[in-house]
Amino acid sequence: MIKINTQVGIVGAGPSGLLLANWLKKYGISSVIIELRSREYLEGRVRAGLVEQNTKDILKQLGLDARMNKEGVVHDGVYLSFEEERIRIPFAELTDGRTISIYGQQEITKDLIDAWLQDNGALHFETKATKIVDFDTKCPKIHFEKDGEEGVLECDFVAACDGFHGIGRKTLPKKSFQSYDRTYPYSWLGILANVAPSTDELIYSYHKNGFALHSLRSEKVSRLYVQVDNDDSVDNWSDDRIWSELSVRLGTPGWELKEGPIFEKGITPMRSHMIDNLRSGRLLLAGDAAHIVPPTGGKGMNLAIADVKHMVDAFVAFYKSNSEILLDKYTDDALRRIWRAQDFSNFMTTLFHKQDAHGSFTYRLQKAKFDYLKVSKAYRTTLAENYVGLPFESFEI
Ligand code: DHB
């Protein structure tokens with residue numbers, strides 16, 4: 001039986017678990033990370049790539065933004081298309097200079113793993129957390145299995161950053177929360193292609209054939225998505241079909257979509273999941289373990305990072321000032337932002353996806369929203385400030 005101990009036991013080496021470990025270290029708070037997957041798997045897993053201003057600020061504050069500054073692309077606006085009409089939302093201008101960067105989530109994961117291991121941080125890959133116990137006492141424990149051997153990690157707190165299918169969410173006592181779910185009746189087919197982006201900023205588009213999004217990863221790699229049915233399969237989507245559908249759905253007069261070799265194809269379902277409690281005793285949940293948003297607007301990782309900020313504040317208050325006030329407020333502090341993002345992700349999703357017959361009442365409401373964006377600076381500002389992410393102070397009460 002392997003026995004380890006630390007102050008904060010972290011389950012999951014995604015962006016939230018890794019950031020938490022790196023951040024706590026700056027305050028002299030020790031942690032150990034247990035991760036089910038291999039390093040190669042984590043670093044290769046393709047995810048979204050939209051980094052909000054707050055996330056950038058945190059990475060900068062921790063000195064973890066060097067590669068992002070070099071390889072990421074800063075955007076100060078976004079294009080929105082409806083049928084064949086395209087407008088631009090200049091979000092930096094509307095939000096006092098706040099911007100987003102495009103930098104793949106797996107690149108952030110790589111940077112955080114590197115930083116943590118360079119600092120001799122403890123990170124156990126390919127280690128399965130089997131149960132979390134005693135989180136209603138001062139000495140919670142994470143039981144795990146590594147290379148066929150059993151072990152236990154004793155800690156003061158457990159941070160469950162282990163995603164929707166992880167053990168953290170399953171361990172939270174059922175009586176302690178209510179959950180809320182919404183499944184959207186469509187999915188995204190996402191591709192990565194070796195071709196220069198056909199746009200300098202992202203394009204979200206409504207078309208009568210369905211939603212499309214043009215994003216990018218670098219000067220040479222484009223990331224694009226099309227709305228597909230939930231029961232669709234990548235086998236139904238040849239490269240030719242994907243390019244021709246993207247070209248139709250993103251098309252505006254005088255604009256052309258460049259095509260290139262596709263090297264990654266995958267389908268992502270769209271759903272929302274919420275629980276109204278993120279903590280039980282000394283077990284705290286962050287990221288996808290606690291909430292899922294539909295991908296439109298790229299909030300998933302940014303919310304996970306924001307949860308970690310609240311967690312760090314709470315742990316620092318506990319260890320440095322012997323105060324449990326922020327631990328007690330953790331759920332409420334995190335949920336205010338999470339619900340805001342849930343609403344914004346729903347807004348972006350329902351504005352740009354084909355939900356009902358073209359020309360239906362629902363379609364007319366979508367069109368009315370788009371038309372309102374054209375005439376109202378207030379409405380554009382609302383979209384912009386949510387898109388770049390509201391500052392933490394906005395949610396303080
Ligand atoms: C990306 C994904 C999103 O969901 C989004 O809204 C914007 C960009 C991306 O993968 O680049």
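Along the sequence shown, residues are numbered consecutively beginning with 1. Owing to the predicted nature of the structure, the values given are computational and were not obtained by experimental measurement. Counting starts at 1 for both ligands and their atoms, in listed order.
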**Message:** Quick check on the 6.0 Å ring-centre criterion: do Y206 and F211 meet it?
**Reply:** no
**Asked** Does the side chain of Y103 come under 3.5 Å of the side chain of D65 through a donor N or O and an acceptor N or O?
**Response** no
**Item:** Under the salt bridge (Lys or Arg N to Asp or Glu O under 4.0 Å) test, residues paired with E35 that sit two or more places apart
**Value:** none
**Asked** What residues, two or more places apart in sequence or in another chain, satisfy salt bridge (Lys or Arg N to Asp or Glu O under 4.0 Å) together with K369?
**Response** none
**Prompt:** Do R98 and N54 have side-chain N/O donor and acceptor atoms under 3.5 Å apart?
**Reply:** yes
**Fill in**
By chain and number, the residues contacting ligand 1 below 4.0 angstrom (heavy atoms only) are A48, G49, L50, W188, L202, Y204, L213, S215, R217, R223, Y225, P295, T296, G297, G298
Give every donor-acceptor pair under 3.5 Å between a side-chain atom in residues 268-276 and any protein atom, sequence neighbours left out.
from, atom 1, to, atom 2, distance (Å)
S272, OG, Y184, OH, 3.4
S272, OG, Q342, OE1, 2.9
H273, ND1, D181, OD1, 2.7
H273, NE2, R169, NH1, 3.4
D276, OD1, Q178, N, 2.8

